[in-house]
Amino acid sequence: MLVIGICDAETAVRSLLAGHAERYRQETGTNLQLLCYSSGEKLLKNYMLDMDLIFLEIPFRKMNGLAVAERIRRQDSQVRLVFLTTVLSYVLEAYEAGANNYLLKPLSYARFCKELTLALEKKSSAEALCFLEENKTGMYKIYLHQILYIETDKKHTLIHTQTQTIQSYRQMKQHEALFAGTSLIRCHAAYLVNLRYFQKLEGASLTLADGTCIPVSRARRAFVLEQIRQYGFTFHPDKKEEDSP
């Protein structure tokens with residue numbers, strides 16, 4: 001299912017895009033969920049973390065669409081944002097705010113279909129693999145490709161992404177089951193590591209692209225080597241590597 005948000009102060013624009021969505025559903029059989037908002041404030045107040053595509057008016061009367069986009073991007077880096085406007089005055093600012101596209105109103109059905117196709121392609125790609133994590137500080141939409149590694153932290157776990165560390169109430173075995181078959185693998189009783197960021201494996205230490213060193217247990221080392229090979233790396237252990245425990 002594709003979740004689409006339409007945020008525009010004009011009822012006519014919301015109705016036009018809703019009509020496009022219904023026509024697209026009938027023609028393609030795609031399951032769509034449509035969420036309509038008349039202001040940026042309402043969109044932010046009711047924001048759904050599983051949105052795939054948002055058509056966003058720029059500017060708004062009260063809260064500028066650029067500010068709305070920046071707020072959205074802080075909590076959801078992957079949703080496709082398409083600005084709708086009647087002028088070309090804000091193109092540069094729109095892309096700086098995180099827009100994926102900038103289109104003039106009224107939006108044609110053909111152009112609408114193209115945006116849905118792009119959103120569907122992204123949703124079906126590996127980049128779209130994500131999950132929701134909730135803790136006492138809030139709820140987070142985390143994409144697999146953003147995770148560097150996960151480690152145990154007393155009774156909980158810590159999810160280390162490219163930009164932040166998020167506490168999780170899931171146990172390590174739950175994370176392992178959740179990410180089975182992906183690039184995130186168990187390399188130690190206390191660690192899951194994302195092979196997307198693999199740099200090197202020396203002895204009992206795996207180094208990520210950012211320089212972080214993750215321990216690899218003796219019992220899991222052969223498994224880790226095999227997963228590295230399967231992930232697409234050509235790995236040639238030297239003499240020192242072969243002699244390592």
Side-chain angles (χ1 to χ4, degrees), residues 1-61 63-132 139-146 182:
M1 180 175 68
L2 196 68
V3 183
I4 304 170
I6 298 173
C7 188
D8 197 291
E10 298 181 50
T11 302
V13 173
R14 299 197 301 273
S15 297
L16 174 67
L17 297 187
H20 286 346
E22 177 58 23
R23 179 180 171 185
Y24 186 89
R25 185 191 65 78
Q26 292 181 359
E27 291 181 353
T28 66
T30 304
N31 190 11
L32 303 176
Q33 180 180 358
L34 203 61
L35 304 168
C36 294
Y37 308 94
S38 59
S39 71
E41 291 87 348
K42 290 181 180 179
L43 169 61
L44 293 173
K45 183 178 180 180
N46 300 282
Y47 190 77
M48 291 180 60
L49 287 169
D50 57 353
M51 284 192 196
D52 301 299
L53 171 63
I54 299 175
F55 292 98
L56 180 63
E57 178 189 16
I58 176 176
F60 279 103
R61 295 187 182 91
M63 189 174 190
N64 191 290
L66 295 171
V68 175
E70 290 171 352
R71 289 270 298 276
I72 290 173
R73 275 288 175 252
R74 285 200 290 268
Q75 61 180 312
D76 190 346
S77 63
Q78 297 299 308
V79 63
R80 184 170 179 81
L81 278 177
V82 177
F83 275 119
L84 300 178
T85 185
T86 56
V87 296
L88 295 174
S89 305
Y90 300 93
V91 176
L92 180 60
E93 292 92 336
Y95 287 113
E96 289 178 345
N100 296 102
N101 211 342
Y102 186 97
L103 303 174
L104 291 174
K105 295 191 287 186
L107 189 63
S108 69
Y109 178 64
R111 184 67 254 190
F112 178 84
C113 290
K114 185 172 182 178
E115 291 301 327
L116 263 64
T117 298
L118 291 171
L120 283 167
E121 289 175 351
K122 184 172 185 178
K123 188 177 181 69
S124 64
S125 72
E127 295 293 288
L129 293 175
C130 64
F131 67 103
L132 295 179
M139 181 176 287
Y140 304 84
K141 184 178 184 180
I142 305 174
Y143 288 82
L144 171 63
H145 73 270
Q146 295 176 322
T182 71

Pair Thr30-Arg25, side chain to side chain contact (heavy atoms under 4.5 Å, CB included): steps then yes or no: CA-CA 5 Å; Thr30 304; Arg25 185 191 65 78; 5.8 Å; no
So, does Asp52 use its side chain to make a donor-acceptor pair with the main chain of Val3 at under 3.5 Å? yes
Rounded distance (nearest 0.5 Å) linking atom CG of Leu2 with atom CD1 of Ile4: 4.5 Å
Any carboxylate oxygen within less than 4.0 angstrom of a Lys/Arg side-chain nitrogen, looking at Glu70 and Arg74? no
Kindly compute the distance separating NZ (Lys141) from OH (Tyr47), expressed to the nearest 0.5 Å. 6.0 Å
Atom OH in Tyr102, atom CG in Leu88: separation rounded to 0.5 Å? 6.0 Å
Nearest heavy-atom neighbours spanning Leu16 and Pro106: CD2-CB, 4.1 Å
Picking from Leu103, Ile54, Leu118, Leu107, what satisfies side-chain contact (heavy atoms from CB on, under 4.5 Å) with Val82? Leu103
Gly65 and Leu56 have their tightest heavy-atom pair at O-CD2, 3.6 Å
Go through Glu41 and Lys45 one step at a time and tell me if the salt bridge (Lys or Arg N to Asp or Glu O under 4.0 Å) criterion holds. CA-CA 6 Å; Glu41 291 87 348; Lys45 183 178 180 180; over 6 Å; no
Side-chain touch Val13/Glu57, heavy atoms, less than 4.5 angstrom: no
Hey, can you tell me if Phe112 and Tyr109 have their rings parallel, tilted or perpendicular (30° and 60° cut-offs)? parallel
I'd like to know if the side chain of Arg73 reaches the main chain of Ala97, judged simply by a donor and an acceptor atom lying under 3.5 Å from each other, with no hydrogens or angles considered. no
Hey, are the side chains of Asn46 and Leu35 touching, using non-hydrogen atoms and a 4.5 Å cut-off? no
Is the closest side-chain heavy-atom distance between Leu17 and Leu84 below 4.5 Å? yes
Is any side-chain heavy atom of Tyr37 less than 4.5 Å from a side-chain heavy atom of Val68? no
Are side-chain heavy atoms of Phe55 and His20 found at a separation under 4.5 Å? no
Measuring from Thr182:OG1 to His145:NE2, what's the distance to the nearest 0.5 Å? 13.0 Å
Between atom SG of Cys36 and atom NZ of Lys42, what is the distance when rounded to the nearest 0.5 Å? 11.5 Å
Flag the pair Leu43 / Ile72 as yes when at least one side-chain heavy-atom distance between them is below 4.5 Å, and no otherwise. yes
Main-chain N/O of Lys105 paired with Thr86 side-chain donor or acceptor, under 3.5 Å: no
Side-chain contact, heavy-atom cut-off 4.5 Å: Ile58 with Glu93? no
How long is the span from the CG atom in Leu53 to the CG atom in Leu116, to the nearest 0.5 Å? 6.0 Å
At their closest point, which heavy atom of Arg80 faces which heavy atom of Glu115, and how far apart are they? NE-OE1, 2.7 Å
Atom of Ser39, atom of Cys7 and distance for their closest heavy-atom approach: O-SG, 3.3 Å
Are the side chains of Asn101 and Tyr95 in touch, meaning some heavy atoms are under 4.5 Å apart? yes
